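Chain A is the first sequence line, chain B the second, and so forth, proteins listed ahead of strands; every chain is numbered from 1. Keep in mind that what you see is a predicted model, and the values were worked out from it rather than measured.
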Amino acid sequence: MSVQTLLHAVSNLGAAFLIAGFSTANAQTVGDTPVYGGILNITVPTEPVGLNSGINTTMFIGEVSSKIVEGLVAFDVNLNPVPALATKWEVSPDGLTLSFDLRQGVKWHDGKDFTAADVEFTLKEVWQKLHPFGKSAFGNVTKVDTPNPHKVILHLSAPAPYILNYINTYGAQVLPRHIYEGTDIVNNPYNTKPVGTGPFVFKEWVKGSHIRLEKNPNYWQKGQPFLDGIVFKFIPDSAARIVALKAGELDVVLGSALPVTSLQQFEDKSKYSINLIDGNYLATIAFLQFNVRNKPLSDVRVRQAIAHAINKQTLLKLVYLGYGKVATGPVPSSVSKYYSADTRQYAPDLERAAQLLDEAGYKTDKSGKRFKLRLIHDGAGGSPQNIRTAEFTKQALSKIGVEVELQGPDFATFLRYVFTEQDYDMMNSSMHRLPDPTLGVQRIFWTQNIRKGVPWTNGSGYSNPKLDAIMEQAAAEPDEVRRKALIKDWQQIVQEDVPLLELVEPVWYTVSTARFKKLALQADGLFASYADAWLEPKK
Amino acid sequence: MYRIILEHILQNRAAIAGLLLLVAVILIAVLGSFYLPGDPWEMANAPMLWPGDDPDSPLGTDIMGRDIATGMVSGAKVSLLVGFASAFISALVGITFGALGGFYRGWVDAFLMRITELFQTVPQFVLAVVLVAVFKPSVVTAVFAIGIVSWPPTARLVRSAFLVLREREFVLAARTLGMSDPRLILTQLLPNALPPVIVISALNIATAILTEASLSFLGLGDPNVMSWGTIIGNGREQVVDAWYICGIPGIAILVVVLAFNLLGEGLNDALNPQLHKR
C-alpha cells in the first residue's frame with residue numbers, strides 16, 4: 001500500500017515527479033561494486049517470434065535481442081543518447097547532415113570486423129525498407145557516405161532532428177552486412193540465431209522453453225560483461241512467474257510480466273527490487289479514442305463532456321493501483337524535452353459535463369438517459385487493465401446519462417472494427433508514444449495517416465488542417481526552441497479538440513531479485529544490453 | 001403417470017436435496033434483486049474489502065470496489081437463464097434430430113446421424129469458444145453456442161428410444177388406424193421417449209452453467225453482464241491475496257451444478273421403470 005500512496009501523492013506534484021518520485025526504486029538496482037560470474041535468469045511476457053529487432057518492433061524481440069545486437073547509442077535515464085557503437089555524433093547547423101564516429105576495434109561474434117559498411121547496409125536495406133517505424137524515421141536520408149571504416153555521414157533532404165531519439169538497439173539495430181547482404185533479409189535464418197556485437201553471444205533456442213546466451217569474451221567494453229551468461233525462460237502463465245521469482249528460479253521479470261495486483265508481494269526491498277523507469281523510452285499512454293465521424297461524437301462539446309465525466313485520478317488508483325500517472329496530453333511527461341502540462345485540462349466535473357451535453361442538444365429523457373454509445377476494447381486475452389478501464393468508463397459515463405455498451409472481441413476483430421470497418425464509437429487501448437512526438441504522436445492525429453485497414457494509424461478520423469501544418473513544420477524544424485514551441489501548440493490544439501482522451505501513463509515495471517544490480521539505469525532499460533549488470537552472491 | 005413420477009421423486013433423498021438447493025438459488029436470484037437492486041458494475045465501495053469488513057458489502061468487494069453480493073445475485077439470474085435456455089435449445093434440436101432419424105430410419109437417419117457425429121467429434125468447449133468468438137460475445141450468443149454444442153447426446157438417446165418404440169404394438173395399432181406421421185410422433189412416440197430426455201436435460205443445465213462460467217472466465221462472456229464466471233475471471237489475478245473473490249462464486253457454481261446433478265439422478269431413478277423395485 002505504501003508505494004501506491006506514495007505514487008498517488010507524488011503524482012499531484014507535476015511533471016518532474018517521474019524521476020524524483022522513483023529515485024528510491026532506482027537506488028535499489030544501481031550498484032558500484034560489480035561481481036563477476038553467475039547466470040542471470042530472465043523472463044519476458046511472451047516468447048518472441050524471432051530475434052531481429054530490425055524487421056519487427058515487437059517488444060519481446062527487443063527485450064531479448066538487445067543483449068546480442070547493439071544500436072548506435074543507448075539512452076540514459078533522461079533519454080539523452082549515450083555512446084554504444086557510435087562514440088560521437090554531430091548535426092550540421094543547417095540540420096541537413098548527420099555524422100557518426102564509430103567505435104574502433106569492435107568485432108562481430110563470428111570474428112569479422114564491425115565497420116561503417118555494416119551501418120550503411122543496415123540503414124539502406126533494413127531500417128529504410130523493413131523497419132516499421134524506420135521508414136518514417138530515416139525517410140529523409142538521401143545519401144550515406146562512409147569516408148573511412150569508422151565514419152558514417154547521413155545526408156538529409158530535410159532536417160530530421162528526431163533521428164537521434166531513435167538509434168538505439170530497439171529503433172535501429174545494426175546488423176552484420178556479411179551475413180545479410182544479398183539474402184532475403186526477412187527470411188534469413190540468422191534472424192533466429194543472431195550474430196551481433198553485443199556483450200552476449202547467442203547459443204541456443206529451445207522453442208517453448210528458453211534462449212541461452214553466453215558471455216562475449218571479446219566485448220569492446222573492457223572488463224564487461226560481468227555475467228557469465230543469460231537464460232531467457234518462457235513461462236506463459238503469470239501466476240507461475242510469480243512463483244518462479246519467489247522460488248529464485250527467475251532473477252528478473254521484464255516488461256510488466258507480472259500482474260500489477262501481485263506487486264505488493266514484492267515490496268520487501270531486502271529481497272526484491274521494482275524498477276519503474278525501464279520502459280520510459282516507450283512512453284506508453286492508455287487512452288479513450290472517439291470515432292469523430294459518428295454522431296454525437298462528431299460534436300466537440302460531447303467529447304469534452306466525456307472528458308469532464310472521467311476521473312483519471314480514480315482510474316489510476318483503481319485500475320493501475322497507482323503504477324503510473326495521470327496523462328495530461330498526447331505527449332507523455334517522460335518525453336520531458338517536448339512535454340507541456342500547460343494545456344487545456346478537463347477536471348472531473350459532472351455538472352459542467354451535463355451542461356456541455358445540454359448545449360450540444362442532447363438533453364436527458366424521462367429516465368435520465370441522453371444517448372447510447374458502444375465502447376470497444378482490446379482487453380480480451382490482452383491486458384486486464386484495458387478491460388477494467390473500459391468498465392470504469394462505462395460506469396463514469398452512466399453518471400452523465402450516457403449509456404455504454406461494452407464490446408470485447410478478440411484482437412484481430414478489434415483491429416478490424418476500429419481501423420478497417422471504422423464501425424465503432426469509442427475505443428480503449430494504449431499506444432507507445434516513443435521519445436519523439438513526430439514519430440510516435442503525429443501518426444495518431446495526422447490527416448494523411450487516416451489509412452483504412454492499417455492498425456495504429458489515425459483511427460479517430462480526426463482531421464484538422466491547422467494541426468497538420470504545425471505537425472509537418474515540427475517534423476522539419478531544426479531549431480530546438482522553435483520545434484518545442486510548435487509541439488506545444490500541437491498539444492494545445494489536441495487537448496482543445498480531444499479526438500482522443502489521454503487517460504493514464506502506465507509505468508512499465510521490472511521486478512527482480514534485490515541481488516540484481518546495474519551500474520546505471522536506462523530509460524530504455526527494457527532494451528538494455530546488460531553488459532553492466534551483475535548478480536550479487538547469495539547471502 | 002406424472003403424479004407417480006412426482007411421488008418417486010419425493011421418495012428420493014438426492015432429488016429432494018437437489019430440488020431444495022435449486023429453490024434456494026431461485027429465491028436468491030428473485031429476492032436478491034429486491035434487497036440488492038444496485039448495478040453490479042457500480043464501484044460502490046473501497047476495493048478489495050473482505051467479507052464482513054463492511055456491512056454495506058457483506059460479501060466484500062472486488063479489485064475495483066464492486067459489491068460481490070450484488071454481483072452474485074446478478075450472476076444467479078444469468079446462470080439460471082443460460083442454463084435453462086440452452087438446455088431447452090439442446091433438447092429441441094436433439095429431439096428433432098433423434099425423432100426424425102429414429103422414426104424414418106433409412107437415408108434420413110443416416111444423414112441426420114452423420115451431422116450428429118460431426119458435432120460429436122469436435123470438442124464441445126472448443127466449439128463453443130469459437131462460436132462465441134465469431135459472433136459478438138453476449139448472453140444470447142452464449143445460450144445459442146452452448147445449446148448448439150450440447151444436443152448430440154440427446155439426439156442419440158431419442159433416436160434409440162424411437163427405434164425401439166416404433167416397432168411396438170400400440171404404435172402399429174395407431175398406424176393401422178390411419179394416424180399421420182407427425183401425429184404419431186408427437187402423440188404416441190414422443191411422450192414415451194421423454195423421460196430419459198428430462199434426465200439428460202437436467203444434467204445439460206448443469207453443464208451449460210459450467211460452460212457459461214468458463215466462457216466468462218476466459219473473457220468471452222457478455223461484457224455488459226456480471227456473471228459468476230466474470231467475477232472469477234476478474235479475481236483470478238488476486239487469488240493469492242484475496243481468495244474470496246474467486247471462492248464465493250466458485251462455491252455458488254458448485255452448489256448449483258450439484259443441485260442439478262442430484263435432481264437429474266433423482267429423476268433418473270424415478271423415471272426408470274427398471275429401477276423402481278430397488
Side-chain angles (χ1 to χ4, degrees), chain A residues 1 4 237-239 241-243 246 258-267 311 314-315 317-322 372 374-399 403-414 417 423 428, chain B residues 38-49 61-67 70-71 74 126 128-142 214-227 229-246:
Chain A
M1 204 55 203
Q4 290 171 33
D237 180 50
S238 63
R241 291 183 205 130
I242 299 176
V243 177
K246 285 191 162 174
L258 297 179
V260 68
T261 45
S262 74
L263 291 184
Q264 57 177 339
Q265 300 175 41
F266 299 102
E267 275 176 359
N311 188 333
T314 314
L315 174 74
K317 203 174 106 194
L318 267 184
V319 174
Y320 292 88
L321 303 187
K372 190 171 174 174
R374 295 164 296 170
L375 169 53
I376 195 166
H377 61 77
D378 68 349
S383 148
Q385 266 71 37
N386 285 339
I387 303 178
R388 291 188 191 133
T389 304
E391 290 168 359
F392 181 93
T393 306
K394 177 184 167 127
Q395 291 307 315
L397 297 196
S398 73
K399 299 219 165 67
E403 201 183 339
V404 174
E405 183 200 333
L406 294 181
Q407 299 177 329
D410 64 278
F411 194 66
T413 313
F414 161 79
Y417 274 131
D423 180 18
N428 256 138
Chain B
D39 178 357
W41 297 95
E42 174 73 42
M43 287 159 280
N45 215 326
M48 306 276 268
L49 284 180
T61 57
D62 73 357
I63 180 86
M64 286 178 71
R66 296 177 291 221
D67 184 42
T70 316
S74 152
V126 177
V129 167
V130 170
L131 285 173
V132 171
V134 168
F135 304 103
K136 217 170 55 178
S138 73
V139 169
V140 176
T141 47
S214 315
L215 286 172
S216 303
F217 173 80
L218 292 176
L220 288 166
D222 191 326
N224 298 290
V225 171
M226 181 76 82
S227 88
T230 317
I231 304 176
I232 297 180
N234 281 340
R236 69 169 184 256
E237 270 182 21
Q238 301 99 49
V239 73
V240 177
D241 312 305
W243 61 266
Y244 65 91
I245 302 177
C246 292

Visitor: For the side chain of B:T141 and the backbone of B:K136, is there at least one donor-acceptor N/O pair under 3.5 Å apart?
Guide: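 Yes.
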
Visitor: At a heavy-atom separation under 4.5 Å, does B:R66 approach chain A through its side chain, its backbone, both, or neither?
Guide: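 Side chain only.
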
Visitor: Is it the backbone or the side chain of A:V404 that comes under 4.5 Å from a heavy atom of chain B, or both, or neither?
Guide: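 When you check distances to chain B, only backbone atoms of A:V404 fall under 4.5 Å.
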
Visitor: Looking at A:L406, A:T413, A:L318, A:L258, which has the largest count of heavy-atom pairs under 4.5 Å with chain B?
Guide: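 Counting heavy-atom pairs under 4.5 Å, the top option is A:L406.
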
Visitor: Using the side-chain contact (heavy atoms from CB on, under 4.5 Å) criterion, which residues pair with A:S398? Sequence neighbours excluded.
Guide: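 Residues passing side-chain contact (heavy atoms from CB on, under 4.5 Å) with A:S398: A:Q395.
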
Visitor: Sort B:D222 into side chain, backbone, both or neither according to what part of it lies under 4.5 angstrom from a heavy atom of chain A.
Guide: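 Contact with chain A is absent: no heavy atom of B:D222 under 4.5 Å.
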
Visitor: Taking the side chain from B:Y244 and the backbone from B:D62, do they hold a donor-acceptor pair closer than 3.5 Å?
Guide: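 Looks like no, no N/O pair under 3.5 Å.
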
Visitor: So which of A:K394, A:R388, A:Q407, A:E405 has the biggest tally of heavy-atom pairs under 4.5 Å with chain B?
Guide: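 Between A:K394, A:R388, A:Q407, A:E405, the count favours A:R388.
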
Visitor: The criterion is side-chain contact (heavy atoms from CB on, under 4.5 Å); which residues satisfy it with B:S227, sequence neighbours excluded?
Guide: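 Expected list: B:V78, B:E212, B:S216, B:T230.
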
Visitor: For the pair A:R374 and A:E403, evaluate salt bridge (Lys or Arg N to Asp or Glu O under 4.0 Å) and give the outcome as yes or no after the intermediate values.
Guide: CA-CA 8 Å; A:R374 295 164 296 170; A:E403 201 183 339; over 6 Å; no

